[in-house]
Structure formats: C-alpha cells, structure tokens
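Residue numbers begin at 1 in each chain, while the letters A, B, ... track the order of the sequences.
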Protein chains: 4
Amino acid sequence: MPPRPRTTARKRPSQKRSQETVVAIVDATARVLKRDGYDHMSTNKVALAAGVSIGSLYQYFPSKEALVAALMERHFDEIRALFEEEAQRLAGVPLEVAVRAIIKRTIEAHQIDPILHQALEQVPRIGLLQKFDDVQERGRTLVHQYLLVSHESLRPKDLEIAADLIASLIEMVSHGAVLRHPNRLKDGVLVDETVDLILRYLKK
Amino acid sequence: MPPRPRTTARKRPSQKRSQETVVAIVDATARVLKRDGYDHMSTNKVALAAGVSIGSLYQYFPSKEALVAALMERHFDEIRALFEEEAQRLAGVPLEVAVRAIIKRTIEAHQIDPILHQALEQVPRIGLLQKFDDVQERGRTLVHQYLLVSHESLRPKDLEIAADLIASLIEMVSHGAVLRHPNRLKDGVLVDETVDLILRYLKK
Amino acid sequence: MPPRPRTTARKRPSQKRSQETVVAIVDATARVLKRDGYDHMSTNKVALAAGVSIGSLYQYFPSKEALVAALMERHFDEIRALFEEEAQRLAGVPLEVAVRAIIKRTIEAHQIDPILHQALEQVPRIGLLQKFDDVQERGRTLVHQYLLVSHESLRPKDLEIAADLIASLIEMVSHGAVLRHPNRLKDGVLVDETVDLILRYLKK
Amino acid sequence: MPPRPRTTARKRPSQKRSQETVVAIVDATARVLKRDGYDHMSTNKVALAAGVSIGSLYQYFPSKEALVAALMERHFDEIRALFEEEAQRLAGVPLEVAVRAIIKRTIEAHQIDPILHQALEQVPRIGLLQKFDDVQERGRTLVHQYLLVSHESLRPKDLEIAADLIASLIEMVSHGAVLRHPNRLKDGVLVDETVDLILRYLKK
DNA sequence: AATGAATGAGACTTCATTCAT
DNA sequence: AATGAATGAAGTCTCATTCAT
C-alpha cells in the first residue's frame, strides 16, 4: 500500500497573482466536488475548472486530499466565525433566547452552501477530514459551556450528555431542514418546535 | 465518460456452491470497505480477500458499485427486519414503552456493525445508495404512522415535523452513542434521558 | 523525497502465455535501454516496444527500476554461467593456460551484447545495480582463489592485491577491446600481450 | 520530442557578482548530483541549493545538461592541469620514475572528489559527456607519446596497444583504490606493485 | 538582472473490466 | 463455472523550461 500522500499546503504564495491562483483552485475544487463527488473528482478536472495548469495546482496542493482539506478549512472557518461571534453575545442571555439564537446560527451555517456541506460529509474521514467532526465537537463544547453557567436552573443532571443531545439535535434539524425541507423555514414553525423541544427538556 | 455500468446482480446463483461464493464475496467487500474506504477499495482486492478469481467475481457482480449495493442491501435488510418486527408489537402500546423500544432497536441496529455502518455512510450517494437515505426515510415514516394513531393525546400539531424531529434525534443519538460513547450505553442513563426528552416534547 | 519504489518482481507468472509476456518485456527493455539510455527510457516506451499494454507491464514489473533489474539479472546470469563453468575446468591447469582461458571468457562475456553492457554501466548504482559491481567482485574472488592454490610458485606476496590488479586489468582490456578496438581481437596480439603482461608480473 | 536544448553557456558573465553566481550554481550542481544522481537531480533543486532563483539559473545555463557539462568541464580541467604540468617534467626521466609519477598523479586526480567522479561516470553519455571518455583518451595519448620516445629500450612492439594497456591499468587501479580500498594507499604497496607490474611488462 | 509563478508534456501507476483458455 | 492474463482509459504527479513582473 502506498504511503499516505502529503496533505498540508506546499508553499505559502507570496505574490498577489499566486494568491489569486490559490483562491481560484479552491473555488474550482468546490464546484467539482459538488458536481462529481469526492471520488469522481480529479486533480485534472479541478485544474481545468480553475483555468489553471495542472502544474500550478501541484505547486500549491500536493494531492487531491490537500485540495479538499483547504476547501474544508475555508468552509468551516466561515461556520466557526458565525458561532464564535455569537458565543460572545450569549453570556447572561435568557435560555430561550440563547437556544433560538444557536438554532438560527446553525441553520445559517448550513445555508452558506448546503450542497457543498453535503458533499463534504461524504469525503472519506482520513487525515484531513477530522475537520468535519471537529466542527461538531466544537459545537457540542460551546453548548456544554453555556449550560454549565446556568446549571442551577436546569433539570438534567449530566450536562455533558444533555449538551450532546441538544447540539446533535440542532445539527440534524438544521441539516434536514436546509436540504430536505427548505419550505419549513419559511414560517418559523420548525424553529419554534425545536426551541420548544429543547426548553421542555432543559427546564425544571 | 463510459456509460454507467450495470448495478443489478448479473445472475441468480442457483446452486449451493455458487451461493457460498456470493456470500464470500459480499463478506470480503465488507472487510475491504471497512479497511480501505470506498475509493481505496478495488475489485481485485475484494476478489483476493474472497479467495476468488476476479473473473468469478464479475460472474456475479457486474461492477464495483454492485458489490457495495449488495452489501448495503444485506446490512439494511438486517436493520429493517429489526424494525418491521418491532413495528408489529407497537400497536396499542403506551407511548413511553414504544419510544423506549424504538430507541433500543435503533441502538441495536447501529451495533450490528458500527464500523461498516460508518463506512457505508461515506459511499458516494449515486445510483445504488439512495438506500442509505431510504432506511432513514422509512424510520421517519414508521414514527409518523405511530404518532398519527395517538394524535389526540399529543401536543404537537404538525406530526410530520414532530416525527422528523424524533426520528432524526433517535438516529443521531444512537449513532453517536455507539461510535463515540459506547460506555454511555452501559447504564441506561443516555436512553433514559432521550426518552425523557421525547416524552416531554410529545405529551400534552 | 518519495520512497524508493519497489524493485523486485511483482508476480510469478504461472501460465505459458504470461511467461512469454515477461520475456517480451525484458527483451524490449534491452532494446529501449540500448537505444535511449536509462533516463530517456520510459515504461511506456518499453510496453510499446514489447507490443504489450502498459497495464500488463505493471502486472509483472512494479517500476522502471524493476525492468532494468530483471534485464541485468538475465544478462549477468549469462556471464556468470560462462565463468562458473570455466572455473571448474581451471583447477590444476598451468598458469598460462588458465590466464588465457579467463581472458577469453571475459572477452566472450563482453561480446554477448556489448552495447547492452555499456548501457547497463550507466544505470544509476542504486538498489538494483549493485549487481554490476557484484559481478566484478565475483570475478576478483575467482581469480584470488585460483592464485591462492598456486601461491608457492608466485612472486607477489599480497595475492589479494594481485588478484584485484589482474581481474581489473582483464575486465578493462576486454571492455576496451570489444567496444573500441574489435579488430585487435582478429589476430591474437592483444590477448598475447595481456597474457604476457600478467605472467611476467606473477612469475618468480 | 522537443529539439535538443542548447548546451553551451548562454552568456559570458562579465561582472564579479555574476561570476560568483555561476560558481555557486556549479557548486550546487555538484552537491545535488552527488546526493541524488543525474536523473533525480532537478534544475529546481540546484537553484534552491545555490540560493538562486530558477530564473537566474537559466540566465546562465540553458539546460540541465549544460549544468552538468559545466561541472564536468571544471572537474576535468583540474585533472588535466595535473597531468599537463607533470607531462612537462617527464621528458628524459627514467622509466620507473615516470611510471611512478603518472600513477601518483592519477591517484591524486581521483582523490580530488571521488564521489563526484563516480557520479559523473553515470551521467548519460550524450552530447556533453564525451568529455569523460575524452579525458581517458588524452591519458592514453600521453602515455603513448612517452613510450614512443623510449621505444628502443622497450620490449613490446605495438606501443599503441601497450599504452592502452598501461593507461587503462593505471586508471582502473587508481579508481578502485580510491573508492574501494583507500587504506591500500597508506603504505606504498599498491603503487609499488603497479609500478612493478608495468616495468616487468615494458622492460626488455 | 532577478524573481518565482506558470506551463504542460510526459512520466509513472492503478484498477475496473474483458476475454482467451 | 472458473481462472487470471490482458487491456487501456484515466489518474496522480514531476520537472525542464518560459515568461510576466
């Protein structure tokens, strides 16, 4: 079996032109990944889609995996930004408001690029894509921290489990809503129901 | 691009020896898929692992996809069996009992072969593997039907949304428990919490 | 730096057809190597020259190096055979006869395929081609052993150095004669001179 | 196939800085060639090792071959210098002294940079590297000329063959000694033996 | 003069699939 | 039915070389 190829970036592009090239390549990676799926995506197709020679692609990305890793990085950075920003504002906010905010943010995160999100889910979980699970792990942690602050007013005793439950639920609802039932987001019913579900569970 | 290869089985093996060969091949598919992931799995490796020549493999399975399709079929048949059997027994049973039963079954389903389950999740969603989503869809339907029967005693009005919420939640909890926190299944805390969560949501 | 590729054969061909394929590939390797030199030789050119698909080539030879290694093996086996056979006959034979015999054999060895021999000399000395040096080492050993037997009647004291000197000389004379001055082999002058040179040096 | 690239230097660097650059590049060529061998040596690696941009490298050397050609030139110029200088002194000198001097010079030549010497031996013999054979040819000529002067006192009749024999022998002994048996050069035994061998052959 | 980004031919290699035996 | 040799499209990746800045 061949050794796992390098996955980290090969070169810090310093000039402006090359930074544009890198962006073009990552953009193209997203397009091809969404269109063809991970295993029908090839470095040649990506180079072609990026309007760049295959050589240039390999100047910056040493492997197919590296391409997807960079794309994931970028995508999840956007998502993370959404949450970290929100996390600041949540301190001291009443439970219902906080829960509703988190749900909205999660849905927004899924709406950034739902098709891409789905495509990334099917990337083999090796080396690079711990990232996918990392983001969810981070979500669970944030929820856990929030719950810990208010633990006196909450019913569940094991807040780690509770946080897992809630974070997973929100993730799944958002995912399903954006991909399968976008219309359920028109009115606020789905969100209301989810808030309701969570509050009933948490409140004494 | 070559035409999409056939995906359905090539011939119904009639004799006993043939059936053993087929089983050996599907078993080998599972082993290789779990070890290497879909896109590092090759038909030659599978044939080797099955102790069968590549020619014989193609006698029974017309393509790589067909191998995985057969494996999925088999795995999900086991899971489906678990549920359909349970579904019989659930009619007229009190809500709490039913919810608890479904959760247990879902966990059992994930325990059949968690690694395989995870590997199958990452198979590209083309042609063959709608199956994966099919099973979850089927779960949602069963829950929906169950809820419809008792709709008078339930609080949520939109039972389709409620069913989605609940089915998704159970799936996710089971998945996470089996793969990430097997110890949480030792005592019944996680199950209890989940039952609690669902009942608080459903009950008037 | 990438890991050194495999160099040993990939598969023992069992059927007759495949053995022919292997021979055809090694033959083609010789032709291409002689024509283009090691670094302009490519696996594709070899496959083409062998009238075989590139896939078949890789079924039996995992790398360019492996091709050349197999070719060397075959070439040097012929040479070795020549010598080992002669070595038998040399025991107890008078010095002059022995020296003359070894020279003739060495020349014959170079005449098997002088162009190939020269091409092989320029193959990078890594992994596989220790073989080249091995053959010469073996030659030195044979000479050394022969000299040891007659050490009483010989003038030089350090017979290891003497053997080195003689073996190297014979190798170089043969090489130069075959490649640069084939006409010097017509009459026996060159051989006579070389025998003379060696005997004067060895005799008391 | 692309047309054979230029092999001669692209411009005569006139300023001091330029000349330093050229030297740095040739030095780097030597280091990389010794480390990686000709076909794993790349122009980019050389530029990197020289601390120069690839563009600058091509300003002075039009091709990979040109790099190695320049290196060969420099290496063999050193060697040639050694001999031409000695050749002056040899006129009228007694045979034994001359032979011993030539052997010593040859060994010195091999000691300049034995690893480089070996690496250069394996450079493909095309276009540029007749040089390698040229140097040896030059050695044979020098020996031949020397022998012609003293032909009356020498036993062999065909002095061209004799010169070939002797020059080849010296080359091979020196090569082997430096690369395989450096310790044999500590005391003078090997040199003495070689001188002995040659004189016995030449003297009436 | 120098830089280093860009190019693309072509090298190496795999693997799903076919087919002669 | 089985075997496994053979195929070749397609993929990954390198590197000598050019060219815009």
Establish, with yes or no, whether the OP1 or OP2 oxygen of [N] is under 4.0 angstrom from a side-chain nitrogen or oxygen of [X].
{"X": "B:Ser56", "N": "F:dA1", "answer": "no"}
{"X": "A:Thr21", "N": "E:dA6", "answer": "yes"}
{"X": "C:Tyr58", "N": "F:dT7", "answer": "no"}
{"X": "B:Thr43", "N": "E:dA16", "answer": "yes"}

How long is the straight-line distance from [atom2] of [Y] back to [atom1] of [X], given to the nearest 0.5 Å?
{"X": "B:Glu65", "Y": "B:Met72", "atom1": "CD", "atom2": "CE", "answer": "10.0 Å"}
{"X": "A:Leu120", "Y": "A:Lys34", "atom1": "CG", "atom2": "NZ", "answer": "9.5 Å"}
{"X": "B:His75", "Y": "B:Leu116", "atom1": "NE2", "atom2": "CG", "answer": "5.0 Å"}

Checklist entry - Which is true for B:Ser42 with a 4.0 Å heavy-atom rule: it touches a base, it touches only sugar-phosphate, or it touches nothing? => result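 Sugar-phosphate contact only.
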Could you check how far [atom1] of [X] sits from [atom2] of [N], rounded to whole Å?
{"X": "A:Glu65", "N": "F:dT12", "atom1": "CD", "atom2": "P", "result": "12 Å"}
{"X": "C:Phe61", "N": "E:dT14", "atom1": "CZ", "atom2": "P", "result": "15 Å"}
{"X": "C:His40", "N": "E:dA9", "atom1": "NE2", "atom2": "C1'", "result": "13 Å"}
{"X": "C:Asp36", "N": "E:dG10", "atom1": "CG", "atom2": "C1'", "result": "14 Å"}
{"X": "D:Gln59", "N": "E:dA2", "atom1": "CD", "atom2": "C1'", "result": "7 Å"}
{"X": "A:Gln19", "N": "F:dT21", "atom1": "CD", "atom2": "P", "result": "16 Å"}

Checklist entry - When you match C:Ser53 and B:Leu57 each to their closest nucleotide on DNA chain F, which lands nearer the 5' end? => result B:Leu57
Checklist entry - If each of D:Asp39 and B:Gly55 is mapped to the nucleotide of DNA chain F with the nearest heavy atom, which maps nearer the 5' terminus, i.e. the 5' end? => result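 That would be B:Gly55.
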Next on the checklist: Do the side chains of C:Lys64 and C:Asp39 get close enough for a salt bridge, i.e. N-O under 4.0 angstrom?
Outcome noted: no
Checklist entry - What distance, rounded to whole Å, do you find between the two P atoms, one in E:dA1 and one in F:dT21? => result 22 Å
Item to check | Smallest separation among heavy atoms of B:Ala24 and B:Ala50, with atom names | outcome: O-CB, 3.7 Å
Item to check | 5' priority, DNA chain E, between B:Asn44 and A:Ile54 [closest heavy atom] | outcome: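 Upstream on the strand: A:Ile54.
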Checklist entry - Which residue lies toward the 5' end of DNA chain E, C:Met41 or A:Val52, if each is placed at its nearest nucleotide? => result A:Val52
